[in-house]
Number of protein chains: 4
Amino acid sequence: MATRETQALIIESAVNLFNQHGTARVSTNRIAQACGISKGNLHYHFRNKESIVQSIYDQMIMEVRRNWRDDHLDPTIQHMAEMYERQLMLIWNYRFFYRELVALLRHDSQLKATFSEYRNSRTAEIVRFFKALITAGVMRQPEGAQSLESLVRISWILSDNWINYIEVDGHEISPQTIREGYALVIELFRPYLTEAALLEIQHYPLQAGSPSLKAASEQPGRKC
Amino acid sequence: MATRETQALIIESAVNLFNQHGTARVSTNRIAQACGISKGNLHYHFRNKESIVQSIYDQMIMEVRRNWRDDHLDPTIQHMAEMYERQLMLIWNYRFFYRELVALLRHDSQLKATFSEYRNSRTAEIVRFFKALITAGVMRQPEGAQSLESLVRISWILSDNWINYIEVDGHEISPQTIREGYALVIELFRPYLTEAALLEIQHYPLQAGSPSLKAASEQPGRKC
Amino acid sequence: MATRETQALIIESAVNLFNQHGTARVSTNRIAQACGISKGNLHYHFRNKESIVQSIYDQMIMEVRRNWRDDHLDPTIQHMAEMYERQLMLIWNYRFFYRELVALLRHDSQLKATFSEYRNSRTAEIVRFFKALITAGVMRQPEGAQSLESLVRISWILSDNWINYIEVDGHEISPQTIREGYALVIELFRPYLTEAALLEIQHYPLQAGSPSLKAASEQPGRKC
Amino acid sequence: MATRETQALIIESAVNLFNQHGTARVSTNRIAQACGISKGNLHYHFRNKESIVQSIYDQMIMEVRRNWRDDHLDPTIQHMAEMYERQLMLIWNYRFFYRELVALLRHDSQLKATFSEYRNSRTAEIVRFFKALITAGVMRQPEGAQSLESLVRISWILSDNWINYIEVDGHEISPQTIREGYALVIELFRPYLTEAALLEIQHYPLQAGSPSLKAASEQPGRKC
DNA sequence: AATGAATGAGGCTTCATTCAT
DNA sequence: GATGAATGAAGCCTCATTCAT
């Protein structure tokens with residue numbers, strides 16, 4: 001099989017297992033088994049377990065980079081919905097990573113550096129988006145110099161942890177739960193939205209038919 | 001040595017190590033070493049690793065039960081500050097638990113049941129507190145039937161994960177970071193607070209001199 | 001409690017547990033628990049596990065010595081039945097010992113010496129009993145110099161292992177199974193018994209009402 | 001090294017050690033050492049200790065199946081000698097198994113089922129053999145409906161335990177001791193044998209030169 | 001007599017990783 | 001590219017035993 005294919009298979013299986021059981025409880029053995037390849041082969045493609053995590057991280061960052069460019073150029077409520085949906089889906093797909101963040105970053109300083117950089121630049125981009133929203137008259141300027149940054153921070157923490165919050169209750173993740181997470185974000189920003197924006201929210205709710213949400217609802221059926 | 005003392009020592013050491021490295025990366029061996037006792041003795045006091053986690057959880061719940069009663073009887077901004085400070089400190093002290101929540105609960109169904117019950121009853125108590133705040137005229141009723149519940153949910157997720165958020169940046173936890181977490185909660189509720197309440201916030205910020213914050217600022221210096 | 005009582009309790013519990021699970025699978029811990037005493041106390045009474053086995057052995061030998069004297073002075077079929085019943089009961093009561101004989105004796109050379117001596121002298125006594133039976137006209141002399149010794153040997157091996165043989169089938173031990181074991185011994189000697197003896201066997205079968213058989217049928221209900 | 005070779009080596013070493021010390025006193029560690037392989041490698045080939053015992057049992061049953069077919073088609077004294085010799089050798093080779101039968105079967109219900117089935121079908125085969133002997137005029141029909149079955153049972157118990165009986169005395173096993181065991185079986189059946197058969201026994205004693213007996217006499221010198 | 005705390009050796013097993021083929 | 005055999009470290013746990021009280 002081509003190197004790329006095997007590597008992709010390994011990463012896919014690893015992500016699934018890590019999401020289900022956490023990195024510590026998943027042995028390289030188990031990953032190899034899930035892929036239907038030998039332990040030896042796995043180590044041919046990845047020097048060690050850590051490098052699998054690294055690759056998963058790289059892949060995640062690549063997805064981020066592909067999706068998240070120039071959000072501030074389309075300052076609409078609809079785009080906001082799409083933005084948060086994308087973010088929540090990404091977190092769902094790599095939820096093991098968000099759960100173990102502290103330990104993983106403490107353990108790998110290079111990973112830590114790139115993650116911090118990602119977080120900062122992404123936060124800045126979101127702030128820029130909300131400033132564009134304000135300029136476009138969709139939202140009012142919160143009072144206080146730091147207020148907008150604070151709200152974005154809150155929305156960030158909310159996004160990062162909504163899925164975790166839901167999982168603790170034992171709920172399955174679904175388009176519905178993703179929509180509920182987004183609803184909380186709206187609740188956070190509601191006092192600052194204009195009448196027009198609030199109306200639009202009711203007309204354009206997060207759509208169950210969007211492609212990434214479909215992926216989410218299918219995912220539990222995967223085999224690895 | 002008395003059983004109680006040794007058990008307390010083990011739990012203290014385990015909490016510290018778990019907080020630093022995560023439960024999976026801390027062996028019973030390492031805990032015993034940190035305590036300066038033999039492996040055998042550790043297993044004399046705790047049948048296995050899981051039972052250590054159980055005991056830590058029990059201790060945490062006991063602290064919760066001791067602290068959180070009848071919060072809604074004192075519906076003031078000052079009490080609100082204390083409430084959230086307490087909550088943030090608790091989470092800081094047992095942060096490993098909050099990080100690994102999903103895995104731990106998935107692994108232990110009894111623990112899951114008690115935790116769900118705790119979360120529900122505590123959420124209800126906080127909602128009651130905010131209703132009392134509204135009745136006392138400190139806060140305005142948010143529009144929409146579900147709004148207050150949603151805000152409380154957001155504040156919960158915020159509290160649970162603020163410390164994680166900060167730690168990823170590599171910041172040490174300190175009275176200052178606890179205060180910043182509380183500031184975010186205030187930012188969340190700000191649109192609904194009355195003028196009087198907002199004034200009070202400026203006059204009575206979270207005090208660096210409160211006992212639990214002192215504990216927090218000292219804790220990083222512990223030995224185990 | 002008096003030393004004697006505690007020691008007796010320990011030995012009783014140990015015999016029961018050893019019989020059920022084998023010496024290797026029974027820890028001193030478990031014995032102490034079964035007795036309701038502490039590990040420390042157990043080691044106060046018995047230096048180590050081996051010395052418990054030693055004591056059990058001594059007790060068994062004492063029972064033997066008490067029961068088996070001058071069997072050859074009463075050379076009747078009835079006495080023969082009683083002899084074998086006694087032997088089978090003893091083996092049942094200390095069956096763990098007979099199962100693990102080789103390992104136990106290999107491990108403890110003093111025990112080995114006393115056991116060999118016991119076996120030899122007991123075999124000689126049984127041979128003497130059968131010679132008396134022959135003299136009394138109850139049995140015919142088997143042809144061949146070694147024959148009687150061989151038959152006694154066979155009956156010995158039979159007695160030692162009948163209970164084991166039965167247990168493998170998962171049958172509970174009962175007066176009935178003891179009687180069946182004795183029936184095999186009779187079958188072995190049948191060709192050498194006179195008509196009168198054979199008649200007597202039918203008139204005086206092993207009695208279910210004899211004291212030691214009662215003990216046997218009650219024993220499974222013991223608590224330790 | 002090939003998997004088969006290593007596995008065979010492990011099993012061979014394990015059988016030897018189990019025979020010498022009993023399963024409980026032989027650690028997987030010790031087996032690995034005896035084989036000159038690492039602990040890890042041992043567990044690569046056998047998931048755990050129990051599965052080693054299982055494999056040994058399977059191997060024993062295979063040997064049985066290979067050897068014991070259609071014994072009743074050759075109803076001669078010579079064949080009888082060979083039959084019992086084979087049986088005694090098998091028991092010698094796997095004597096640990098026969099000693100610990102009760103504990104092993106109690107511990108593993110699958111093993112128990114197969115063993116019971118083996119014992120029953122083998123006993124039936126031996127009974128069939130003796131019936132053929134009677135038909136062939138080599139042996140007389142014992143009186144009483146159950147007598148033949150009883151004699152076979154006795155010979156079974158005798159075979160199973162003769163080696164144990166001898167070992168307790170500390171005797172090394174040798175062609176001579178195997179022959180003595182067989183002699184006891186003959187003693188058991190002697191009253192029912194015809195003149196011709198008895199003569200034949202004297203002319204064709206168990207041969208020291210038969211292949212399996214050679215194996216037996218060499219075995220004590222094995223290294224592991 | 002009895003207890004409970006403590007120890008250290010050793011048992012079983014998992015696992016990441018290496019390497020010859 | 002891939003495999004399977006092998007390794008050694010480390011993890012969790014049990015246990016006989018000791019000792020102060």
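Every chain is numbered from 1, with letters handed out A, B, ... down the list of sequences.
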Exercise. Taking OP1 and OP2 of dA2(F), is either one under 4.0 Å from a side-chain nitrogen or oxygen of T6(A)?
Worked result: yes
Exercise. At under 4.0 Å, does any side-chain N or O of N41(A) touch on OP1 or OP2 of dT3(F)?
Worked result: yes
For this session: To the nearest Å, give me how far apart CG (N29(D)) and P (dG11(F)) are.
Result: 17 Å
For this session: Could you check how far CD1 of I31(D) sits from P of dT13(E), rounded to whole Å?
Result: 11 Å
Exercise. Which whole-number value in Å describes the distance from L42(A) CG to dA2(F) C1'?
Worked result: 12 Å
Exercise. What base-paired stems does DNA chain E take part in, with at least 3 consecutive Watson-Crick or G-U wobble pairs and both distances under 3.5 Å?
Worked result: E:2-21 with F:2-21
Seminar exercise, completed: note: K39(C), atom NZ; dT14(F), atom C1'; distance rounded to Å ~ 9 Å
Exercise. Are S38(C) and dA2(E) close enough that a side-chain N or O sits under 4.0 Å from OP1 or OP2?
Worked result: no
Exercise. Quick one: E50(D) CD to dT13(E) C1', roughly how many Å, whole number?
Worked result: 14 Å
Seminar exercise, completed: Between CZ of F46(D) and P of dT13(E) the distance, given in whole Å, is 13 Å
Exercise. Quick one: R30(C) CZ to dA16(F) C1', roughly how many Å, whole number?
Worked result: 16 Å
Seminar exercise, completed: From NE2 of H43(A) across to P of dT18(E) the rounded distance in Å is 8 Å
Seminar exercise, completed: Rounded to the nearest 0.5 angstrom, the CD1-CG distance for I31(D) and L42(D) is 6.0 Å
Exercise. Tell me, which pairs form a ring pair (Phe, Tyr, Trp, His ring centres under 6.0 Å) where one or both residues lie in residues 21-41 of chain D, sequence neighbours left out?
Worked result: none
